[in-house]
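Here is the structure we will look at.
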2 protein chains.
Amino acid sequence: MASNADLSFFFKPESVAIIGASEASGKISGIIMDSLASSGFQGRIYPVNPKYSSVKGYECYPSIGAIGEGIDVAIVALPAGAVVAALEEAAAHVAGAIVIGGGFSEAGEAGKALEHELKSLAAKTGMRIIGPNCMGIYDTASRLDTFFIPPERIKRPGPGGLSVVSQSGSFAVTAMDELASESTGVARVISYGNSSDVNESELLEFLADDEHTSAVAMYLEAVEDGQRFIKAAARCASKKPVMAIKAGRGGAGQRAALSHTASIAGRYEIYRAAFKKAGVIELEGYEEFIAACKVSGARRARPLGGKRVMIITDGGGVGVALADECAKHGLEVVPLKKEVEDGLRSMLPPYFAVGNPLDLTGSVTDEWFASSLEKTMAGDDYDAVIIAALWGPPGLTDGLAMGIAARADEFGKPVIICSPGGEYTRDKSRLFTGAGFPVFSTPESAVAAASILAKNAMLREERVRKSSRKEARNG
Amino acid sequence: MASNADLSFFFKPESVAIIGASEASGKISGIIMDSLASSGFQGRIYPVNPKYSSVKGYECYPSIGAIGEGIDVAIVALPAGAVVAALEEAAAHVAGAIVIGGGFSEAGEAGKALEHELKSLAAKTGMRIIGPNCMGIYDTASRLDTFFIPPERIKRPGPGGLSVVSQSGSFAVTAMDELASESTGVARVISYGNSSDVNESELLEFLADDEHTSAVAMYLEAVEDGQRFIKAAARCASKKPVMAIKAGRGGAGQRAALSHTASIAGRYEIYRAAFKKAGVIELEGYEEFIAACKVSGARRARPLGGKRVMIITDGGGVGVALADECAKHGLEVVPLKKEVEDGLRSMLPPYFAVGNPLDLTGSVTDEWFASSLEKTMAGDDYDAVIIAALWGPPGLTDGLAMGIAARADEFGKPVIICSPGGEYTRDKSRLFTGAGFPVFSTPESAVAAASILAKNAMLREERVRKSSRKEARNG
């Protein structure tokens, strides 16, 4: 069989086999079969296990060969020691395998040897392997869902344009869960674990051309082939934002990455340089990773044109904190133009301090927020607005989010919501996430999100400049 | 009347008057009277308003003088223009006033003149004034609650050892709400706004000797008398941790502080130097402010002895992120001692990678978490432990938090919970907050909390060294 250089079959499988399927409840294979059913996967599902004639109501086959058709994706839910033999048998019938279990190169010498055998098998047969030691694929386009955690514990996001590529399963899972809880969609989520065969570069090559994907967020512990990564990332980044966190930066983190996905995490500085060269936006940690996902994946996600930020709030202190954070990130909280200031003054009580940040105080109403948004964003004075809504003031109602949404539609720039607080606030935040806004519970994360958009804007401009210089040279 | 240099009467009032009390629903005075009733305030409550004979079931007086007894605290809920006249009349009968409303020096020249009159009145009569432009006091010891936001919107924390001093009302309110939603208690919360009379230094002087207060978190925009602040902060910090955020650091933030509480925010570097001199731990922003509050105020708050951190998780990637954050903050994720590693190996499957961070993987159980905690913390190898619990794995149950609590009691060091995720996770996090642990939803905030404890430990050591050097010199 020729090598499947194009990974797209993983993302539109017509047939899926679950090797090691079992009737026992709570088993990985059982959870995956339930997930496939509840995610609405439309392809054919084949449990494989010589011990059963049916599993979860599906006919169960003693071997992959017995199914009698070529299989796009085989999900392997077997203990480490049984994986290689099973895949040797399967290789003739399977385009790609997802090996879920651990116990490979992250787990000492015996595991390393097993993983080496897997790698050789992929090279020899052309069958592609994602994993081992991974969660596999969650995909809202193909509806494949190999994440073996029940949806009542980890919610699945709906469809969206963001794709997540993560070496860490727990990072991918936690991000999915946070995004789903905030009504943010995804296209493809790929947890690829030890990357014995399929690696981050190939996944980027696929996502670059994937029409379902409009932005990519990555969690990397290590990259094997730096040159290939830079090339793939640069090509993808020329088409859509690529944002990445490099985990395992040194010391204990580096050691942890080694025992986690067997990654030689390498020198952090080299990764930073590679990201820069490829036009990949570096994310500083978990919070920026989630901020990047939310601000790119929200239904009302908008690209940002520059660095000028308007801040509208009903909590003065939170406004000050936002302005301080903006300064830290190099965002400009530009003062209001005289005519805009006058327009706001005509709406607000005479003794109000009117500026940017604009503090609407505890006297705020839904309409003040919406009108302030309209008045400040009407011209082209700002590239984005951060609305810090504290829910204490009695003048705020459930209509606030839709009021803001209606005005936001008029100017088509990013609107980022910052809403810190306790239970009442968290409950009301759903109104904003439901309306498609990216919502953050701290000034830091809201500004980090704006800053990520601004970095994207700068990279876009740089590319335009470069390509027009090139044209000028060639013209 | 002599000046009330000692502010303690604000924190044990036997009688409270509400000047400008009203029957109209949704009015500030009404909310405050409801709050006093629901908070269990035991003192006498006197509404004052010539228009009514009773308000909310209390007898209403036409003037303060008509009450016929000295009043400890008068809460002034009047428009800015009416405040000075009301307080001139009240001064002979009132020890201290809390002026809630805005419209003073944060609001132009006319407001500045009004505030100047307030200041003069305080100086002339000895009546002390908190505010204007503030929320006043929320106090779990005296049960005073002048925060004029209904408890269904902003929850009130129960009793605890943390006191919060904030120039910003919204910061104080939001912090209270977050703390209450996470079962973290407070002693006194003071929002002092424009600080026309009572300022942060006097509040620190009071809190230094306050037996209800075991730690102080501050939000400052500006300090008027730097020398007095350093002296007061140093004295307080010698008795209990003092942590502060300096807001309005420059540019837009500084401008915003000016229009917010009329603060000339001053050069940030000067504040940093003052904090350092006084032994005040600087907090970097809202997230660190909340982290400091949670880690000092949680029922299971424990002081930390050093910088050595153990990380136990069931999510490898989150463990790596925690280790990276620890490195950033100068915390040491020290490798396991051989005998501890052996002890863990005897409990875990043979192919497990055992280290620090310790990744218990998706096979985790409650007991693995609890036993790992016991085995790693039994010696004196670590000063604190961060437990990053991801709720995906089916082996975790509602017993996890109590299992960890039982073992945590054995070694009496800080246990910090990091539990990122969506709705299921947020729900389960209550088990941890209910058990008294400080709980954080991101690796960044969990490590920030540990780092704040470590800074406290360093300051304590430094003080001990200094005082023993002093003794040696004198001895």
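Below, all heavy atoms of this structure are taken into account, side chains as well, without hydrogens, waters or symmetry copies. Just so it is clear: chains get the letters A, B, ... in the order the sequence lines come, proteins before strands, and each one is counted from 1.
Put simply, the side chain of Q167(B) does not reach to within 4.5 Å of the side chain of N194(B), judged on heavy atoms. N356(A) has its side chain within reach of Y382(A): a pair of non-hydrogen atoms, C-beta onward, lies under 4.5 Å apart.
Contact count versus chain B (heavy atoms, under 4.5 Å) is highest, among D324(A), T425(A), I311(A), for D324(A). Options S181(B), P350(B), A323(B), G111(B) differ in how many heavy-atom pairs under 4.5 Å they form with chain A, and the most are formed by S181(B). The candidate with the highest count of non-hydrogen atom pairs below 4.5 Å against chain B, out of P420(A), P357(A), A180(A), A172(A), is P420(A). Counting heavy-atom pairs closer than 4.5 Å to chain A, the top residue among G319(B), P349(B), A353(B) is A353(B). In terms of heavy-atom pairs under 4.5 angstrom with chain A, the leader among E423(B), M176(B), K155(B) is E423(B). Per-residue heavy-atom pair counts under 4.5 Å with chain A were compared for I149(B), L179(B), V320(B), I245(B), and the maximum is reached by V320(B). Here T442(B) is the residue among D427(B), V354(B), T313(B), T442(B) with the most heavy-atom pairs under 4.5 Å with chain A. When each of P443(A), A107(A), G316(A) is checked for heavy-atom pairs under 4.5 Å with chain B, G316(A) comes out on top. The residue among G362(A), P393(A), G108(A) with the most heavy atom pairs within less than 4.5 Å of chain B is P393(A).
With no hydrogens or angles considered, no side-chain donor-acceptor pair links S168(A) and S166(A) at under 3.5 Å.
For P335(A), the parts sitting under 4.5 Å from any heavy atom of chain B are the backbone and the side chain alike. Only the backbone of S441(B) comes within less than 4.5 Å of a heavy atom of chain A; no side-chain atom from C-beta onward does. For chain B, the nearby parts of V318(A) are the backbone and the side chain; heavy atoms of each come within less than 4.5 Å. Residue contact with chain B, scored on non-hydrogen atoms closer than 4.5 Å, is absent for K428(A). Looking at E106(B), only its backbone comes within 4.5 Å of chain A, counting heavy atoms on both sides. Of the atoms belonging to E287(A), heavy atoms from both backbone and side chain fall under 4.5 Å from chain B. Interface remark: E152(B) contributes backbone atoms only to the contact with chain A (heavy atom separation under 4.5 Å). Using a 4.5 Å cut-off between heavy atoms, L396(A) contacts chain B through both its backbone and its side chain.
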Checking E284(B) against R249(B) for the salt bridge (Lys or Arg N to Asp or Glu O under 4.0 Å) test, could you report, in this order, the C-alpha distance in whole Å, the side-chain angles of both residues, the deciding distance, and whether it holds? CA-CA 11 Å; E284(B) 275 298 328; R249(B) 296 180 174 184; 3.2 Å; yes

Output, in order, the C-alpha distance, side-chain angles, deciding distance and verdict of salt bridge (Lys or Arg N to Asp or Glu O under 4.0 Å) for E115(A) and K112(A). CA-CA 5 Å; E115(A) 190 163 319; K112(A) 273 202 189 88; over 6 Å; no

With side-chain hydrogen bond (donor to acceptor under 3.5 Å, both in side chains) as the criterion, how do T433(B) and E182(B) come out once you've worked through the C-alpha distance, each side chain's angles and the decisive distance to 0.1 Å? CA-CA 6 Å; T433(B) 53; E182(B) 310 222 348; over 6 Å; no

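Classification of the F147(B)-Y138(B) ring pair by plane angle, with boundaries at 30° and 60°, yields perpendicular.
Of the residues listed (V364(B), T361(B), L360(B)), the one engaging L348(B) in a side-chain contact (heavy atoms from CB on, under 4.5 Å) is L360(B), and it is the only one.
Atom NZ of K307(A) is separated from atom CG of L331(A) by 7.5 Å, given to the nearest 0.5 angstrom.
Y286(A) and G421(B) make their closest contact through OH-N, 4.3 Å (heavy atoms, listed as atom of the first residue, atom of the second, distance).
Ring centroid separation for the pair Y219(B) and F289(B) does not come in under the 6.0 Å cut-off.
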